[in-house]
Amino acid sequence: MGIDPVVSARSENPDPRIVAASESSIAQAAELLAQGKLVAIPTETVYGLAANAWDADAVRKIFQAKNRPATNPLIVHVASVERLADAIASPVDPSIAEQMSVVAGFWPGPLTVVCARGPNIPDIVTAGRSTVAVRIPSHPVVRALLSKCPFPVAAPSANPSNYVSATTARHVADGFRPGADGGASVELILDGGPCQFGVESTIISARAKGPVLLRPGGITAEELRRKFAAIGCSLSIGSDDKEEKSAKLAPGMMKLHYSPNTRLVLLHQAHDCPAGMRVGRIAFRAIDDRQASMYATVAVLSETGDLREVAQHLFSALRRFDGLSLDEIHCDVCEPTGLGAAIMDRLTRAASTS
Ligand code: TXA
Ligand code: MG
């Protein structure tokens with residue numbers, strides 16, 4: 001494959017598919033994508049498993065590798081507002097055009113918009129829907145990559161379906177092992193360091209009746225509401241649209257998602273660690289020694305309870321604890337407002353048993 005072995009030479013990181021992002025590895029990733037291959041990419045939210053969005057055969061490999069149901073549509077990534085036309089149809093409704101200009105104000109960044117699908121996007125990307133989800137990410141590595149690609153890039157989160165999303169290159173490698181069915185098709189994992197946000201992008205749907213929040217994420221509902229209010233639009237939460245409802249039934253928005261294999265308990269009330277059990281505690285701020293001593297292991301995501309730090313480290317902590325053969329993982333909760341809405345959305349799904 002001719003991968004520059006900078007990182008693979010390090011003994012703690014023997015997976016040859018992980019390559020530090022550099023001008024040459026980014027060029028190589030663009031070349032692999034052009035050939036219809038899969039590449040894992042860093043973004044500011046979580047790592048993505050990328051393919052050329054115009055190439056149905058390439059996109060099919062994403063579904064195979066992730067074991068993702070064909071009914072769950074993908075997000076398409078483009079380099080700039082000028083390149084949106086590679087993925088979406090230009091809005092005919094003036095209200096949607098206005099909503100798109102608000103969305104563009106958050107780009108590049110962790111906001112995805114569902115809008116009318118362009119003619120070059122194959123059915124497999126959108127699971128046959130008339131809409132497509134699109135975003136312009138801000139991570140410098142994915143920006144450099146997208147600007148080298150003459151096509152838009154489809155990329156769901158780079159985790160096997162229903163498992164916790166990946167926020168480091170190592171997480172991606174762990175989820176797609178070479179030799180395993182899906183793992184074999186991930187050719188290159190571009191290492192752009194740990195993700196800055198740590199939770200997936202916010203998803204809204206731009207509709208003639210007004211914008212709808214479909215998934216809380218890195219951009220808060222409060223920020224969106226303020227910007228939409230300035231153009232006289234109010235942001236609704238959740239969708240009553242038939243197509244979007246059926247997208248909601250897809251695993252990406254189903255209850256059981258992002259789940260570790262170990263039972264996850266959310267600490268809505270003060271809770272002592274059950275005696276005789278090996279429990280890992282995920283704390284959102286520093287806890288005292290008496291408390292800490294009850295647990296087999298403790299991860300403090302932020303000394304001060306800063307939700308940006310909590311979001312950034314949450315998936316890493318869930319993954320690490322999941323590898324420790326614990327009986328349970330106990331995790332703090334927060335108010336579901338601001339970034340807390342995305343954190344609680346992911347935790348509630350991860351803790352759900354149905
Ligand atoms: O931050 C992110 O959004 C990451 C990075 C890699 O960009 N991507 C990500 O993709 O989280 P994924 O596939 O894990 O989640 C995308 C969600 C899914 O729940 C899917 O159902 C929804 O977006 N979606 C995609 N296209 C849609 C559409 N046309 N209508 C409604 N929902 C859609
Ligand atoms: Mg996902």
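Residue numbers run from 1 in the order of the sequence given. Atoms within each ligand, like the ligands themselves, are counted from 1 in listed order.
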Based purely on interatomic distance, does [X] place a nitrogen or oxygen under 3.5 Å from a nitrogen or oxygen of ligand 1?
X	answer
Thr45	yes
Asn72	yes
Arg135	yes

- request: Would you mind reporting whether Tyr163 and Ser259 have side-chain heavy atoms less than 4.5 Å apart?
  value: no
- line: If we number the atoms of ligand 1 from 1 as shown, the ones under 4.0 Å from a heavy atom of Ile75 are 3 (O), 8 (N), 9 (C), 10 (O), 16 (C)
query: For the atom pair CD1 (Ile204) and CZ (Arg135), what is the distance rounded to the nearest 0.5 Å?
result: 13.5 Å
task: Mind checking the SG-CG spacing from Cys115 to Leu84? Nearest 0.5 Å is all I need.
output: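 CG of Leu84 is found 7.5 Å from SG of Cys115.
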Going by an N to O cut-off under 4.0 Å, is there a salt bridge joining [X] and [Y]?
X	Y	answer
Lys227	Glu222	no
Arg346	Glu200	yes
Arg319	Asp322	no

query: How about Ser157: does one of its N, O or S atoms come closer than 2.8 Å to the Mg ion (ligand 2)?
result: yes
So is [X] touching ligand 1 or not, going by heavy atoms under 4.0 Å?
X	answer
Arg117	no
Thr131	yes
Ala155	yes

Under 3.5 Å, side-chain donor or acceptor atoms of residues 228-238 against the rest of the protein: list the pairs with distances, not counting sequence neighbours.
none

task: Return the option from Pro73, Ala40, Ser161, Ser157 holding the heavy atom at the smallest distance from atom 25 (C) of ligand 1.
output: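 Nearest option to atom 25 (C) of ligand 1, by heavy atoms: Pro73.
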query: Nearest heavy atom to atom 13 (O) of ligand 1: which of Glu200, Arg68, Lys66 does it belong to?
result: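 The nearest heavy atom belongs to Arg68.
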message: Going by ring-ring contact (aromatic ring centres under 6.0 Å, His included), name the residues that satisfy it together with His330, two or more places apart in sequence or in a different chain.
response: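 For His330, the residues satisfying ring-ring contact (aromatic ring centres under 6.0 Å, His included) (neighbours in sequence not counted) are His271.
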query: Should the proximity of Ile203 to ligand 1, defined as any heavy atom under 4.0 Å, be assigned to the side chain, the backbone, both, or neither?
result: side chain
